[in-house]
2 protein chains.
Amino acid sequence: MLSVMPKRPGEDLDLLFGALADPTRRGIIERLVVGEATVTELAAPFSISLPAISRHLKVLERASLITRSKRGRCRSARLSPTSLASAATWLSRYERLWAESFDRLDEHLAQLTSEQPTTLTETETQDRDRER
Amino acid sequence: MLSVMPKRPGEDLDLLFGALADPTRRGIIERLVVGEATVTELAAPFSISLPAISRHLKVLERASLITRSKRGRCRSARLSPTSLASAATWLSRYERLWAESFDRLDEHLAQLTSEQPTTLTETETQDRDRER
DNA sequence: TCTATAGTTAACCATTATGTTAAGTGTGAT
DNA sequence: ATCACACTTAACATAATGGTTAACTATAGA
């Protein structure tokens, strides 16, 4: 069928970050940290219907954030943290950047205060670091 | 104005992950890593219209991922990495988890871990195609 | 077998997202 | 003053999201 859909590069990140962009789904994830749970258990803290939860779970599954299994008539979900890891991996590519930014901000502030404290910050921050 | 909207807890994460969920916006971010750029410069690699880019930038700005400034008739954007950092912070709460998972699920992943851990593919998402 | 439980699927609706083109806003240059 | 440039805003079309209720499937238990 369509299980062999050609995957655009980065599409997994779309699904991944898209799944994380919803508070209910993040709540579900946080609940799953303490252990696997059934759908009704997961639904309990929320004031939305069971079908809504069911679809949130499908979104999480499609993003490879959870795996699901059936035992009796209960379906339980558990975290599949490798996907979270790949989100972290993507972000870590910029880790250097925001770590740097604190240093550079310090530098910059130091320079500003030693020069002209009154100038508007917008324009001259660009003046001083040149574009490759 | 109504710019002082009360912020639901976690709403910033919604905006943040939501902003990262789009390939164009991630592309813009990656471009901005090498330095600030104007809107037309940012638009160049993409085949979508300038207004579309303009709105992507607004999304990134709302998520505090970029800041913008005007110089002359050009508006330039630059990364504001602290927001990326807070995404990483959220994820880091689960870091222990996915680090653990490699040990705990070792039996299941034994055959998969023979690959490079760098790409972390989501190979078995299609397993759910039974469910009928 | 019959019923209650657990969950999914279907159909629908409102809202948001993402793209388009056309028109508007500032600013630099002639 | 006028034109060109670099955007932004407006208006619109379409698709995706996220919720609902109702109906369906499957299993446990009487």
*Of all the choices, D:dC7, D:dT8, D:dG18, which nucleotide is nearest to the side chain of B:Cys74 once you look at every atom?*
D:dC7
*State whether B:Ser49 places a side-chain N or O below 4.0 Å from either non-bridging phosphate oxygen (OP1 or OP2) of C:dG19.*
no
_Please say yes or no: joined through hydrophobic side-chain contacts below 4.5 Å, possibly via intermediate residues, are B:Val33 and B:Leu60 part of one cluster?_
yes
*Hey, which of these two, A:Arg73 or A:Asp22, hits DNA chain D nearer its 5' end, going by closest nucleotide?*
A:Asp22
_Less than 3.5 Å apart, any donor N or O on the side chain of A:Thr67 or A:Ser80 sitting next to an acceptor on the other?_
no
*If you check every side-chain atom of B:Arg25, which of D:dG19, C:dT20, C:dT18 has the closest atom?*
C:dT18
*Indicate whether OP1 or OP2 belonging to D:dT27 is found under 4.0 Å from a side-chain N or O atom of A:Lys70.*
yes
*Does the side chain of A:Arg62 get closer than 4.0 angstrom to OP1 or OP2 of D:dT17 through an N or O atom?*
no
*asked:* Just the rounded figure in Å: distance from P of D:dA26 to CG of A:Leu50.
replied: 18 Å
*Rounding to a whole Å, what distance do you find between A:Arg75:CZ and D:dT25:P?*
14 Å
*Do side-chain atoms of A:Arg75 reach the backbone of A:Ser69 as a donor and acceptor pair under 3.5 angstrom?*
no
_Shared hydrophobic cluster, A:Leu15 / A:Leu91 (ILVMFWY, side-chain heavy atoms < 4.5 Å)_ = no
*asked:* For A:Phe17 and B:Phe17, take the angle between the two ring planes, folded into 0 to 90°, and tell me which bin it lands in: parallel under 30, tilted 30 to 60, perpendicular over 60.
replied: parallel
*Between A:Leu57 (CG) and C:dT8 (P), how many Å, whole number?*
7 Å
*For the pair made of CD1 in B:Ile28 and P in D:dC7, what is the distance, rounded to whole Å?*
12 Å
*asked:* Without decimals, in angstroms, what is the distance between B:Glu41 CD and D:dA6 P?
replied: 10 Å
*OP1, OP2 of D:dC7 versus side-chain N and O of B:Thr38: anything below 4.0 Å?*
yes
*Counting only side-chain N and O atoms of A:Thr40, is one of them less than 4.0 Å from OP1 or OP2 of C:dA6?*
no
*Round to the nearest Å and state the distance from B:Leu42 atom CG to D:dA6 atom P.*
14 Å
*For B:Glu61 and D:dC7, what is the distance between atoms CD and C1' respectively, to the nearest whole Å?*
14 Å
*Do the non-hydrogen side-chain atoms of B:Leu65 and B:Arg25 ever get within less than 4.5 Å of each other?*
no
*Which nucleotide in the set D:dA22, D:dC7, C:dG19 lies at the smallest distance from any side-chain heavy atom of B:Ile48?*
C:dG19
_At less than 4.0 Å, is any side-chain N or O atom of B:His56 found next to OP1 or OP2 of C:dA17? Yes or no._
no
*D:dA10 phosphate, OP1 or OP2, under 4.0 Å from B:Arg55 side-chain N/O*: no
*Under 4.0 Å between a side-chain N/O of A:Ser54 and OP1 or OP2 of C:dG7, yes or no?*
no
*asked:* How many whole angstroms separate atom CG of B:Leu60 from atom P of C:dA17?
replied: 13 Å
_Any side-chain N or O of A:Lys58 below 4.0 angstrom from OP1/OP2 of C:dT9?_
yes
